[in-house]
Structure formats: C-alpha cells, structure tokens
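Step one of this worksheet: look at the structure below.
We name chains A, B, ... by the order of the sequence lines, and we start the count at 1 in each one. All of these numbers come straight from a predicted model, not from anything done at the bench.
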Protein chains: 2
Amino acid sequence: MNAENGGTITLLIADDHPVVRDGLRGILEPADGFTVLGEASGGTEAVEMTLRMDPDVVLMDLRMSAGSGVEAIAELTRRGARARVLVLTTFDTDSDTLPAIEAGATGYLLKDALRDELFAAIRAAAEGRTVLSPAVASRLVTAVRSPAVPPVDDTLSAREVQVLEQVARGASNREIARRLFISEATVKTHLIHIYGKLDARDRAAAVAVAYQRGILG
Amino acid sequence: MNAENGGTITLLIADDHPVVRDGLRGILEPADGFTVLGEASGGTEAVEMTLRMDPDVVLMDLRMSAGSGVEAIAELTRRGARARVLVLTTFDTDSDTLPAIEAGATGYLLKDALRDELFAAIRAAAEGRTVLSPAVASRLVTAVRSPAVPPVDDTLSAREVQVLEQVARGASNREIARRLFISEATVKTHLIHIYGKLDARDRAAAVAVAYQRGILG
DNA sequence: AGGGGGATCAACCGATCGGTTGATCCCCCT
DNA sequence: AGGGGGATCAACCGATCGGTTGATCCCCCT
C-alpha cells in the first residue's frame with residue numbers, strides 16, 4: 001500500500017462523469033493521507049492507467065461508456081494488478097453488484113456515502129479488507145445462502161407431462177418406456193426431473209402435486 | 001323313473017292354489033305317460049307326500065303359504081328323496097330362482113309354458129336332466145360368470161383414506177406406519193385393499209383415482 | 001351362536017423404484 | 001464458438017413396494 005511513500009494512499013479515479021471526478025478529487029486532495037494519481041473516463045482507460053501508474057486503490061464506477069467497470073475489474077484481476085478496486089456507484093440495487101465482486105472488486109460503496117465513510121472504505125480497501133455498503137452486504141449474504149438461485153423452473157416439459165400421465169395410470173417404468181418408445185433409463189431421468197420440479201419424493205406424491213396444480217385431471 | 005310301471009311317469013303336484021292344481025291335473029291326466037299320484041297344497045305336505053308316495057317328479061310352486069317351496073326342496077334333498085323336483089312358478093325374476101336350484105331342484109319352468117314344453121320338461125326332469133326356462137338359464141349363466149357378485153364396495157374406510165393421504169404426500173410405508181402408529185404390515189394390507197377398491201395398480205394410480213373421485217384434494 | 005367386515009400383525013420374496021454417475025445429441029441463444 | 005436445456009441412454013445398487021399366506025381381535029347384525 002505504498003506506506004513507504006509518506007504514508008499516503010495513492011488513488012486513481014475512474015468515472016465517465018467529469019463532475020463526479022472533480023467532486024471526488026475535491027474531497028480527497030485536501031484530506032490527509034490520499035494522493036490522486038489520475039483520472040480515467042472509461043474502463044479501458046482505467047485499466048491502462050492503473051497498470052502504468054500502479055495506484056494503491058482504484059475508485060471505479062461501474063457504468064461507463066468506454067468499457068464497463070466490471071470488465072475493467074476483471075481485466076485488472078487477470079493481469080494481476082496490485083491495485084485494489086473500490087466500486088463506487090449510485091445504485092445499490094445494481095445488477096452488476098455481484099459480477100463486480102466476482103470479478104475481483106475489494107469493496108463496494110454508494111456515492112452518497114459520507115466523507116468519513118469514504119475515507120474509511122479507501123483505507124480498508126488499501127489494506128485488502130472488504131468493504132461493502134449495508135444493502136450490498138445483505139444482498140451478498142442472501143445470494144450466498146441460496147447459491148446460484150436460478151429461479152427454478154417449475155414447468156414440466158411436454159415429455160415430462162406425458163411420463164407423468166402414464167404414472168398416474170399405474171404404469172411401471174418399463175411400461176412407460178414401451179408406450180413412449182424410449183428406454184427405461186430415459187423414463188427414470190424424466191421422473192427424477194419431475195420429482196425435482198414438483199418437490200415430490202416419489203411417483204405417488206408427484207401425481208398428487210400434479211392434480212393439485214391442475215397439471216393432471 | 002318307474003319305467004317298469006307301464007312306462008308312465010308318476011307325479012306329485014304341489015301348489016297352494018286349487019285352480020292351478022286342477023289345471024295341471026287336467027292337462028297331465030289325459031296325456032300319455034303321466035300319472036298324477038296326488039296333490040299337496042303346501043311345502044310341508046309336499047315333503048310328507050313325496051316321501052310316502054315316491055313320485056318320479058314333483059311339480060313344485062315356490063310361493064306357498066304352508067311351507068315354502070325352497071325349504072321343501074331342501075328338505076327332500078336332505079332326506080335323499082328319489083323324486084326330481086321341477087319348479088313351476090309365475091315369475092322368472094323370482095329371487096328364489098337361484099336358491100331353489102341350489103336347494104336341489106332339477107328344473108325351473110314358468111307356468112305360462114306351452115303344454116308340450118311342460119311335457120318335455122317333466123320327461124327331462126324324470127331322467128335327471130336339467131331344464132330351465134330361457135330367462136332363468138341366462139340369469140344362471142350371469143350369476144355363475146360373476147360369482148357371488150357382491151356389489152363390490154368401493155368406499156374407502158376412514159383408515160384407508162388416512163393411509164392414502166400419507167401416500168399422496170410421498171410417505172413410504174414405513175413412514176406411514178410410524179405416523180399412524182401401526183405396523184408396516186398393516187399399512188400394506190390397507191394399501192392392497194385400497195388398490196382393489198380403486199382399481200389401481202400401485203400407489204401412484206391410487207392417488208390419481210382418488211383425486212378424480214374427489215377422495216383427495 | 002355364527003358370519004362378515006374392519007383393523008391389526010408376521011414373514012417371505014421377486015419386481016420395481018429412486019438415486020448416482022457419466023455420457024451423447026440436438027437446438028437455441030448469445 | 002461456447003453454454004444451457006431438453007431428450008436420450010447405460011450401468012449399478014440399496015431401498016421399497018406389491019403380493020401372498022395365514023392369523024388374531026373386535027364389533028355389529030342376524
């Protein structure tokens with residue numbers, strides 16, 4: 001963290017809005033312990049400047065016209081840049097929150113953060129500590145608790161419905177295979193998918209759920 | 001069949017209606033080969049006279065006031081009487097048809113039978129051959145084809161419904177046993193009864209039928 | 001007093017099921 | 001060009017199921 005350079009933390013500001021860049025520089029330059037090495041107006045430029053100037057921390061906006069923030073972060077990670085990236089955005093509901101963190105961002109802060117919060121976050125990021133705004137933190141926890149959260153598709157495919165119809169008639173897997181001109185292995189595969197989609201433990205429960213949902217009957 | 005007694009068939013007429021008795025006697029006496037030994041007006045009397053007079057054939061009405069025809073037939077069978085019993089009734093839908101045959105009647109004829117049909121039936125009965133009116137014959141066949149025909153009770157017992165509810169939830173036999181505080185053997189017994197009543201081959205089919213009949217859901 | 005039905009239980013056994021692993025092929029979207 | 005989803009298949013295996021036989025107990029009706 002370049003602590004040997006007078007104990008100051010070197011920074012790069014990456015944001016495509018001049019007003020924001022100026023605002024950040026205006027806040028950081030007068031403060032003790034921060035040195036702004038430069039400003040980038042796009043992702044691509046941010047990568048180039050970071051590699052060249054080697055700042056301790058990059059303050060990165062995610063929505064930029066010339067190269068997205070997430071791609072820039074990923075590129076820096078890939079290149080093994082020493083700089084920590086602290087994401088600074090307007091929205092905490094941004095769909096890029098998780099991708100940014102996955103790409104390698106050390107922290108994620110909202111632009112409406114208080115001055116002292118910003119200072120603390122930059123120092124934390126410089127030390128490699130993760131800093132997240134409360135809203136982002138809770139979203140992260142939720143995302144981790146229900147991994148991937150692919151909004152599980154409940155809908156049975158046409159083939160699965162055909163299999164289930166046979167099951168409701170009391171057909172064995174072998175009979176279903178014969179009637180649908182497929183192998184028993186395939187029938188079993190369909191059934192396991194059906195159990196998963198209907199949250200059923202066996203064919204009897206699957207038939208019950210199917211009737212309750214109007215899939216059968 | 002007393003063939004040695006001049007080749008004639010000896011008869012006893014048992015009917016509580018004098019008019020019927022006279023009518024039968026009037027038909028049979030003039031005919032060749034028949035000898036009416038006597039007339040009885042009730043079941044009890046018919047048994048007593050048959051045992052005493054030993055006719056070849058007894059023409060028996062089923063509905064008599066003094067001792068029913070079916071009981072008289074059963075009594076004669078029990079006593080090992082040589083006489084064949086030819087039932088002669090008004091109704092071919094009589095609920096006593098089958099009981100009469102089961103009791104030992106050799107033939108069953110309607111009173112509106114033609115004269116020649118009656119003669120043929122008596123001769124057949126005298127030889128021990130079964131003679132049935134067409135309607136009675138078809139009823140017999142039906143009865144034999146669907147033995148006992150106990151109008152199968154489709155209704156699931158309360159316990160069976162409880163078991164089926166568990167099945168619909170995906171419970172295994174073991175789980176059902178635990179939840180209902182019975183053994184797995186009992187669960188299986190209930191299930192087999194359920195399959196029979198619902199005409200289902202397995203638990204899945206049973207659940208389907210139950211939903212269609214409104215037993216579940 | 002006997003018969004039928006419901007509920008209960010045991011023991012046995014072949015058949016089927018549910019789950020797992022690993023794979024191929026095709027289609028569609030990005 | 002790669003990824004995801006649907007459909008297809010094989011092989012393996014422990015668990016469960018369905019069926020059979022035989023039995024007991026209780027209640028209700030005749």
*Whole-Å distance between D:dA15 P and A:N173 CG?*
19 Å
*May I have the distance from A:I192 (atom CD1) to C:dG22 (atom P), rounded to whole angstrom?*
15 Å
_Side-chain N or O of B:H193 versus OP1/OP2 of C:dA7: is the shortest distance under 4.0 Å?_
no
*asked:* Which nucleotide wins on minimum distance to the side chain of B:K188, given the candidates D:dG18, D:dC9, C:dT8?
replied: D:dG18
*Should A:R84 and A:E127 be marked as a salt bridge (Lys or Arg N to Asp or Glu O under 4.0 Å) after you check the CA-CA gap, both sets of side-chain angles, and the distance that decides it?*
CA-CA 9 Å; A:R84 307 289 184 176; A:E127 295 173 13; over 6 Å; no
*Would you mind reading off the distance between B:E175 atom CD and C:dG18 atom P, rounded to a whole angstrom?*
13 Å
_Please tell me if B:S157 has a side-chain N or O lying less than 4.0 Å from either OP1 or OP2 of C:dA7._
yes
*Does a side-chain N or O from B:R203 land closer than 4.0 Å to OP1 or OP2 of D:dC17, or not?*
yes
_From the set D:dG19, C:dC17, C:dA10, return the single nucleotide nearest to any side-chain atom of A:S172._
C:dC17
*Under 3.5 Å on both distances, the Watson-Crick or G-U partner of D:dA23*: C:dT8
*Taking the nucleotide of DNA chain D with the closest heavy atom to each, which residue, A:S183 or A:D202, is nearer the 5' end?*
A:S183
_From CG of B:L191 over to P of C:dG6, roughly how many Å is that when rounded to an integer?_
16 Å
*Of the nucleotides C:dC9, C:dG18, D:dG18, which one has an atom closest to the side chain of B:A185?*
C:dC9
*Which nucleotide sits closest to the side chain of B:T189: D:dT16, D:dA10, C:dC9?*
C:dC9
*From the options C:dG18, C:dT20, C:dT8, select the nucleotide whose nearest atom is closest to the side chain of A:Y195.*
C:dG18
